[in-house]
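Step one of this worksheet: look at the structure below.
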Amino acid sequence: MIGIFDSGVGGMSVLKEIRKILPDEPVVYYADTAHCPYGEKSREYIIERARFITETLMARGASVIVVACNTATAAAIATLRQEYPETPFIGMEPAIKPAALSTKTDVVGVLATAGTLKAQKYIDTREQYSEGIKVVEHIGQGFVELVEKGTLTGSEAEKVVEASLNPLLDEGADVIVLGCTHYPFLSQTIQKVAQTTHPERSIQVIDPAPAVAKQLVKVMTEKGLFGTESEHSETVIMSSSDASVAEDFYRHNVLNSNADNNTF
Ligand code: DGL
C-alpha cells in the first residue's frame, strides 16, 4: 500500500498524478488538516507531525511513503529516512531545473511557503540549477487557505493569486514553479491572472507532481513493492480533522475533475 501525506488536501495534486499511472494500487492518504498550514510552523513541529503520520500510515499498511508536501519534505524527510530505514520515502523537489531549461526571459519565478523558501534543501537546489538565470521568489500568501476551503477559481481566488504572482511577473518571469503541492489546484487561476495582467507574455506553470509519481514507480519497481493481482484499487482518506471534508475535496477535484490542473 502507498502512503501519502500533506498538511491538508494539497498533496492530492500528487495523488492525482499517482492515480493516472498507478490506477490499481491501494493508497492511503493522510490530510493533517488540524495542523494546517505547515508553512509558518517550526522545523521541530513539522518533524513531530511527520513522524506521527508516518507511523499512522505504516500501521494502516503503507510500505512506501510519499511526502506530498514541499514544506514537510524540506523539514522532515532526512529525519524520516534516518528513523525508518526500512521504508522508502519519496519527497517533493522544487522544479527549478526544468524551469531553467524552459525560460526564454531567463527569469524563473518560484511560489512556495515560507518554510520551503528558507530551507537549506531549497537553497541548495536553487544554487545547483540557477546558473545564468535569475530566480525570483514569493510566498503564495493565502493560497493554502483558498485550496483548503475549495475556492479554486473566481474573483476571490484571483485577487489572492494576483498579489503574490504579479511581483514575479513584474520581474520578468515567464516560467512559474509551483513549490507547494496545494498550488496546482490554483493553476487555472494563475494562468488567468497572468493572461489578464501580462497579456504580452506566455506563461508556463510547472508542477513537479508528474515527476514525483514517476519516481514512485521507479522506487516501487526497484524494491519489489507492487502488490499481487488479487489486490483491488482502494483509496482511503484519513485526516486529523473531519475526514469527510478531505473526502469531498478528493471526489470533486481528483476523481471528477476533467481539467488537467498541472503542467501547461
Ligand atoms: N502543501 C504543502 C507544501 O507543499 C504545505 C502547505 C502548508 O501547509 O503551508 O508545502
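Order of appearance sets the numbers: ligands from 1, and atoms from 1 within every ligand. Residues: numbered from 1 along the sequence shown.
Which parts of ligand 1 touch T113 is read off a 4.0 Å heavy-atom cut-off, strictly below it: atoms 6 (C), 9 (O), 10 (O). Remark: ligand 1 atoms within the under-4.0 Å shell around heavy atoms of D6 are 1 (N), 2 (C), 5 (C). Set against the non-hydrogen atoms of S7, the atoms of ligand 1 under 4.0 Å away are 5 (C), 6 (C), 7 (C), 8 (O). Taking a cut-off of under 4.0 Å to the non-hydrogen atoms of V144, the atoms of ligand 1 that pass are 6 (C), 7 (C), 9 (O).
Using a 30° and 60° split on the angle between ring planes, Y30 and F52 fall in the perpendicular class, above 60°. Classified by interplanar angle (parallel below 30°, tilted 30° to 60°, perpendicular above 60°), the ring pair Y84/F89 is tilted.
No close placement of the Y250 and Y29 rings is indicated, their centers lying 6.0 Å or farther apart.
Every N/O-N/O distance between T116 and ligand 1 stays at or above 3.5 Å.
In terms of protein heavy-atom proximity, atom 7 (C) of ligand 1 is nearest to Y38 N, 3.3 Å. Protein heavy atom closest to atom 10 (O) of ligand 1, with residue, atom name and distance, is T71 OG1, 2.5 Å. Protein heavy atom in closest approach to atom 9 (O) of ligand 1: G39 N, 2.8 Å.
Between P37 and ligand 1 there is a heavy-atom distance shorter than 4.0 Å.
For R51 and E48, the salt-bridge test passes: some basic side-chain N is under 4.0 Å from an acidic carboxylate O.
N166 and H138 share no donor-acceptor pair across their side chains, judged by distance under 3.5 Å alone.
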